[in-house]
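Note sheet for the following structure.
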2 protein chains.
Amino acid sequence: MTKICKDGIDRSLIKPESEAYGLMYTQDILSGKWKYIILWYLGEETKRYSEIKKFLMNISQGSLTKQLKELEEAGIILRKVYPEVPPKVEYSLTNKGKGVLPIIKTMIDFGNEYNEYK
Amino acid sequence: MTKICKDGIDRSLIKPESEAYGLMYTQDILSGKWKYIILWYLGEETKRYSEIKKFLMNISQGSLTKQLKELEEAGIILRKVYPEVPPKVEYSLTNKGKGVLPIIKTMIDFGNEYNEYK
DNA sequence: CAGTATCCCGAAGGATACTG
DNA sequence: CAGTATCCTTCGGGATACTG
């Protein structure tokens, strides 16, 4: 099996312009336990590393750093380092990152309509 | 840490009606490597187990059965068994399942706009 | 045909300690 | 403050064999 992405799904027989390909591409770059919530939290505002960490509470240092790095490498978020002591790092959505907000919105709408506690 | 769902995210401090809660609920019930593609493939049409299996090619028997069972338990798909020999089982989207199609559509739109092969 | 039942493995993520 | 490094555990998913 030819893995062409980290989700291990073989797309070799699927045309890049097909719907299934786009779907799998999206699922691939947004995979991981925390990415959607991170992106939702970033929303329109820039946030510091420590703010994200505090908001997510249960995430470990290593995981947060890894998820942020993956999002950065995918061109979803921008990492801005301020050369200060102590260091200050801010994260914000790129234009591509803002493109995932509609996805998140539809997920929220669905979740709020169908979760069992409503 | 109190796990209240299989993704392990602790929602105990988040109100059920909040956006973050809805988002996590959705992420939770749609987690897994194949669920989005399965639901996209089902679309508006009923499909047989063997059709889904053939379409996904690389999926294992065990995984397909498991993903379908989870989707059924979440009320996303309907499983209809025809008492024949050999057996025939058809899967289709419930109303709730049709509610995830808008999510999939936005994911497709995003993926087709931003994947590197366009 | 549409599953079940096992076994197995890799990768994701957590915990902890350390650092510029 | 914002990481890095290391070790460890969990678990989703694959492979294989078997069945009503």
Side-chain angles (χ1 to χ4, degrees), chain A residues 1-10 24 27-38 41-42 46-74 77-92, chain B residues 1-10 24 27-38 41-42 46-74 77-92:
Chain A
M1 171 176 163
T2 313
K3 295 187 181 185
I4 67 167
C5 58
K6 70 173 187 298
D7 63 15
I9 293 175
D10 185 1
M24 289 187 286
Q27 187 182 357
D28 189 24
I29 63 170
L30 296 180
S31 68
K33 183 171 169 180
W34 303 96
K35 290 203 179 66
Y36 284 104
I37 307 109
I38 290 172
Y41 182 63
L42 286 182
T46 291
K47 303 278 187 183
R48 296 186 60 167
Y49 182 93
S50 53
E51 292 181 283
I52 304 171
K53 180 83 177 63
K54 197 197 302 180
F55 173 68
L56 294 177
M57 291 184 305
N58 297 322
I59 198 172
S60 64
Q61 293 266 74
S63 293
L64 178 55
T65 302
K66 190 182 170 222
Q67 302 274 316
L68 290 171
K69 187 173 293 179
E70 288 171 358
L71 287 170
E72 189 193 2
E73 287 169 352
I77 62 174
L78 188 70
R79 180 173 179 269
K80 184 169 185 184
V81 183
Y82 294 83
E84 307 171 0
V85 179
K88 174 179 170 181
V89 179
E90 285 183 346
Y91 293 91
S92 58
Chain B
M1 171 175 164
T2 313
K3 296 187 181 184
I4 67 166
C5 58
K6 71 173 186 297
D7 63 14
I9 293 174
D10 185 1
M24 289 189 285
Q27 187 183 355
D28 190 23
I29 65 171
L30 297 179
S31 68
K33 184 171 169 180
W34 304 96
K35 290 203 178 67
Y36 284 105
I37 308 108
I38 290 172
Y41 182 62
L42 287 182
T46 291
K47 303 278 186 183
R48 295 186 60 166
Y49 181 93
S50 55
E51 292 181 284
I52 305 171
K53 180 82 176 65
K54 197 197 301 179
F55 172 69
L56 295 177
M57 289 184 305
N58 296 322
I59 198 172
S60 63
Q61 294 265 77
S63 293
L64 179 54
T65 302
K66 191 181 170 220
Q67 303 274 315
L68 290 170
K69 186 173 293 180
E70 288 170 358
L71 287 171
E72 190 193 1
E73 288 170 350
I77 62 174
L78 189 70
R79 180 173 178 268
K80 184 169 184 183
V81 183
Y82 293 84
E84 307 171 1
V85 179
K88 174 179 171 183
V89 180
E90 286 183 345
Y91 293 91
S92 58

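Letters A, B, ... are given to chains in the order of the sequence lines, protein chains preceding strands, and every chain is numbered from 1. Every heavy atom of this structure was used, including side-chain atoms; hydrogens, water molecules and symmetry mates were not.
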Please report, rounded to the nearest Å, how far the [atom2] atom of [N] is from the [atom1] atom of [X].
X: Glu51(B); N: dG3(C); atom1: CD; atom2: P; value: 13 Å
X: Leu64(A); N: dA5(D); atom1: CG; atom2: P; value: 16 Å
X: Asn58(B); N: dT16(D); atom1: CG; atom2: P; value: 14 Å
X: Lys54(A); N: dG3(D); atom1: NZ; atom2: P; value: 16 Å
X: Met57(A); N: dG14(C); atom1: CE; atom2: C1'; value: 16 Å
X: Lys47(B); N: dC1(C); atom1: NZ; atom2: P; value: 17 Å
X: Glu70(A); N: dA12(C); atom1: CD; atom2: P; value: 7 Å
X: Glu84(B); N: dG3(C); atom1: CD; atom2: C1'; value: 16 Å

Establish, with yes or no, whether the OP1 or OP2 oxygen of [N] is under 4.0 angstrom from a side-chain nitrogen or oxygen of [X].
X: Ser50(B); N: dA2(C); answer: yes
X: Arg48(A); N: dA2(D); answer: yes
X: Ser63(A); N: dG14(C); answer: yes
X: Ser60(B); N: dA15(D); answer: no
X: Lys33(B); N: dG14(D); answer: yes
X: Tyr91(B); N: dG3(C); answer: yes
X: Lys69(B); N: dT4(C); answer: yes
X: Gln67(A); N: dA12(C); answer: no
X: Arg79(B); N: dG3(C); answer: yes

Query raised in the report: Of all heavy-atom pairs between Glu51(B) and Thr46(B), which one has the smallest distance, and what is that distance?
Result: OE1-O, 4.5 Å
Report summary line: Walking DNA chain C from its 5' end, the first of Pro86(A) and Ile59(A) to be reached, judged by nearest nucleotide, is Ile59(A)
Nearest to side-chain heavy atoms of [X], which nucleotide of [options]:
X: Gln61(B); options: dG13(D), dG3(C), dG13(C); result: dG3(C)
X: Lys66(A); options: dG14(D), dG3(C), dA12(C); result: dA12(C)
X: Val89(B); options: dA2(D), dG14(D), dA2(C); result: dA2(C)
X: Trp34(B); options: dA2(C), dG3(D), dG13(D); result: dG13(D)

Query raised in the report: Between Tyr49(A) and Tyr91(A), what is the ring plane arrangement, given parallel below 30°, perpendicular above 60°, and tilted in between?
Result: tilted
Query raised in the report: Side chains of Ile38(B) and Ile77(B): closer than 4.5 Å at any heavy-atom pair?
Result: no
Query raised in the report: With a non-hydrogen cut-off below 4.0 angstrom, is Gly62(B) in contact with a base, only sugar-phosphate, or nothing?
Result: nothing
